[in-house]
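What follows is a single structure, written as structure tokens, with notes after it.
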Amino acid sequence: MEEALRHLAAIERPSASEGERVAAEWIAASLRELGAEARIEVERAHGTFWWPLGILNALALAGAALGRTVGRLLAATAFATLVDDLDHRSRWFRRAFLPRRRTWNVVAEAGDPQAARTVLVVAHHDAAHGGAIYDTRAIAAFARRFPALHARANRWPPLMWAVVLGPLLVALGRRRAGAAVSAVVLAALADVGRSPVAPGANDNLSAVAAVLALARALRDDPVRGVRVLLVSTGSEESLSEGMQAFGERHFAALPRESTTVVALECLGSGRLAVAESEGFLLPHFYDGALKELATECARRAGVEVVRGLHVVFASDAQIAVHAGYPTMLLGGIDELKLPAHYHKPTDLPENIDMDSLADAVRVLDALVRELAAQERASSERATATAS
């Protein structure tokens, strides 16, 4: 895992970039060496989020400058389109009007190739741009000043509400207020776009390393009863475009009743968490039974996991949730209840908590094997009933 972290973190890997391709090829080759049948699937993605979100807020500014009816209609259209984009829905605006380029997903198969049940394990290998919006000093100050409130907090204020607030205010007739909000949002998005790409060791090469470790475990101690798809997506940082493309290619062949999805995020943060929900604008809840099973697997492995947290960002898991699959997110948090070094230049391999990452692999491996055991038991019961 350390080798993967150091090798891949040295590659600049923004979404849908040459660096992303190089990383994908290295991951695929590593999975093949570990006995998995790996391939690269080339998809299309826009590769940013600041351009679509920025253009739509600029339309809201234009709406504020126009007459009441036309301006409010324009802002309302921008608001609805932002909700569609941020909630990982059709993405019609960026698909219709923004340039697209190649992005690279790695897909490997391990486990029992004849099994009826599939476990889809998802990481991502692209890295995010930084920006002032990821500065956590205010949150740290709040935690020091109000430790009791911080201890009780189970989510942070959703930053992306601000992205839709300006257009909404203009659409409701509050043109000056809406224009002011959209102007601030445009400045923040421009700052992200011009900021350097983070090394992305924790977000999300830690998850890639966990996928490689799981591949090794499944090679050395084969599992019977589940087929395991090991996926590392590209263009996750441009709002899960790679995972959306994976779904368009594969979901029709993956029945909801026999497919389980486990997304991995920021596993080297220090503490592991089985999150309750995620979403930029509204919470989308993960599967309750799967969360309980993962928590029980962690308990049996002697690994403590934090429960009760709600993620106010979005991951590749949300694509699977929208598609109706039993889905969960195994993630990591630091002392602020945030992913460590999130989108920062300090997201380096030497800052990874390797014990936390190793614990994540133990939980993940135990969960896959427990799902396989349940599938075998179910199959045996069905055979006995038929007899």
Side-chain angles (χ1 to χ4, degrees), residues 49-50 53 86 128-166 168-169 177-178 180-192 194-196 198-204 206 237 265-286 291 295 298 303-315 329-348 350-357 359-360:
F49 66 84
W50 49 90
L53 304 189
L86 286 171
H129 286 247
I133 62 172
Y134 305 115
D135 191 324
T136 57
R137 285 178 291 185
I139 294 175
F142 172 85
R144 290 193 301 269
R145 180 66 180 83
F146 305 103
L149 285 176
H150 175 260
R152 292 198 298 270
N154 64 5
R155 73 188 76 202
W156 291 108
L159 280 176
M160 289 300 185
W161 281 9
V163 175
V164 302
L165 180 60
L168 178 61
L169 288 172
V181 173
S182 285
V184 172
V185 167
L186 280 169
L189 292 171
D191 177 60
V192 172
R194 69 170 182 79
S195 294
N202 192 37
D203 181 19
N204 199 22
S206 61
E237 299 293 357
E265 282 283 348
C266 304
L267 300 174
S269 295
R271 292 189 294 168
L272 294 180
V274 174
E276 307 302 324
S277 71
E278 70 171 59
F280 283 127
L281 303 176
L282 294 172
H284 299 283
F285 285 82
Y286 307 119
K291 290 184 292 188
T295 304
V303 176
E304 181 182 358
V305 294
V306 178
R307 290 293 305 272
L309 299 180
H310 298 266
V311 182
V312 296
F313 293 102
S315 74
L329 177 71
L330 179 63
I333 57 171
D334 61 12
E335 68 281 358
L336 297 177
K337 302 181 185 178
L338 291 169
H341 305 282
Y342 188 63
H343 295 190
K344 295 179 179 178
T346 54
D347 190 5
L348 297 162
E350 53 265 36
N351 290 328
I352 291 287
D353 187 318
M354 293 302 297
D355 291 335
S356 174
L357 179 52
D359 283 345

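All values derive from a computational prediction rather than experimental measurement. All residue numbers refer to positions in the sequence shown, counting from 1.
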*Do you know which of V192, L189, D191 makes side chain to side chain contact (heavy atoms under 4.5 Å, CB included) with I133?*
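Single side chain to side chain contact (heavy atoms under 4.5 Å, CB included) partner of I133 among V192, L189, D191: V192.
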
*Least distance between heavy atoms, A298 atom then V305 atom*: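 Smallest interatomic distance, heavy atoms only, reads CB-CG1, 3.7 Å.
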
*Identify the two heavy atoms, one from S269 and one from S356, that lie closest to each other, and give their separation to 0.1 Å.*
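Closest pair (atom of S269, atom of S356, distance): N-OG, 4.2 Å.
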
_ring pair (Phe, Tyr, Trp, His ring centres under 6.0 Å) partners of F313, counting only residues at least two apart_ =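 Partners of F313 under the ring pair (Phe, Tyr, Trp, His ring centres under 6.0 Å) test: Y342.
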
Are any side-chain N or O atoms of [X] and backbone N or O atoms of [Y], one a donor and one an acceptor, separated by less than 3.5 Å?
X	Y	result
N204	C266	yes
K337	H150	yes
D347	N202	yes

Looking at [atom1] of [X] and [atom2] of [Y], how far apart are the two atoms once the value is rounded to the nearest 0.5 Å?
X	Y	atom1	atom2	answer
F142	L149	CZ	CG	5.0 Å
L338	I139	CG	CD1	4.5 Å
F49	H129	CZ	NE2	8.5 Å
I352	E350	CD1	CD	9.5 Å
D355	D359	CG	CG	7.0 Å
T136	L336	OG1	CG	6.0 Å

Using distance only, find each side-chain donor-acceptor pair of residues 270-283 under 3.5 Å and give its atom names and separation, not counting sequence neighbours.
| unit_1 | atom_1 | unit_2 | atom_2 | d |
| --- | --- | --- | --- | --- |
| R271 | NH2 | D334 | O | 3.3 |
| E276 | OE1 | K291 | NZ | 3.0 |
| E276 | OE1 | R307 | NH2 | 3.2 |
| E276 | OE2 | R307 | NE | 2.8 |
| E276 | OE2 | R307 | NH2 | 3.2 |
| E276 | OE2 | G308 | N | 2.9 |
| S277 | OG | H310 | ND1 | 2.7 |
| E278 | OE1 | Y286 | OH | 2.5 |
| E278 | OE1 | S315 | OG | 2.6 |
| E278 | OE2 | S315 | N | 2.8 |
| E278 | OE2 | S315 | OG | 3.4 |
| E278 | OE2 | Q318 | N | 3.3 |

*With a 4.5 Å heavy-atom cut-off, do L267 and L330 have their side chains touching?*
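In contact.
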
_For the CD atom on E304, are there more than 12 heavy atoms of other groups (residues, nucleotides or ligands in this structure) within a distance under 6.0 Å?_
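12 or below, so no.
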
*asked:* R137: which residues meet the salt bridge (charged side-chain N to carboxylate O under 4.0 Å, His left out) condition with it, sequence neighbours left out?
replied: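 With neighbours one apart ignored, the set is D135.
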
*asked:* Looking only at side-chain N and O atoms, does H341 offer a donor or acceptor that is under 3.5 Å from a partner on T346?
replied: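 Present: a donor and an acceptor within the cut-off.
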
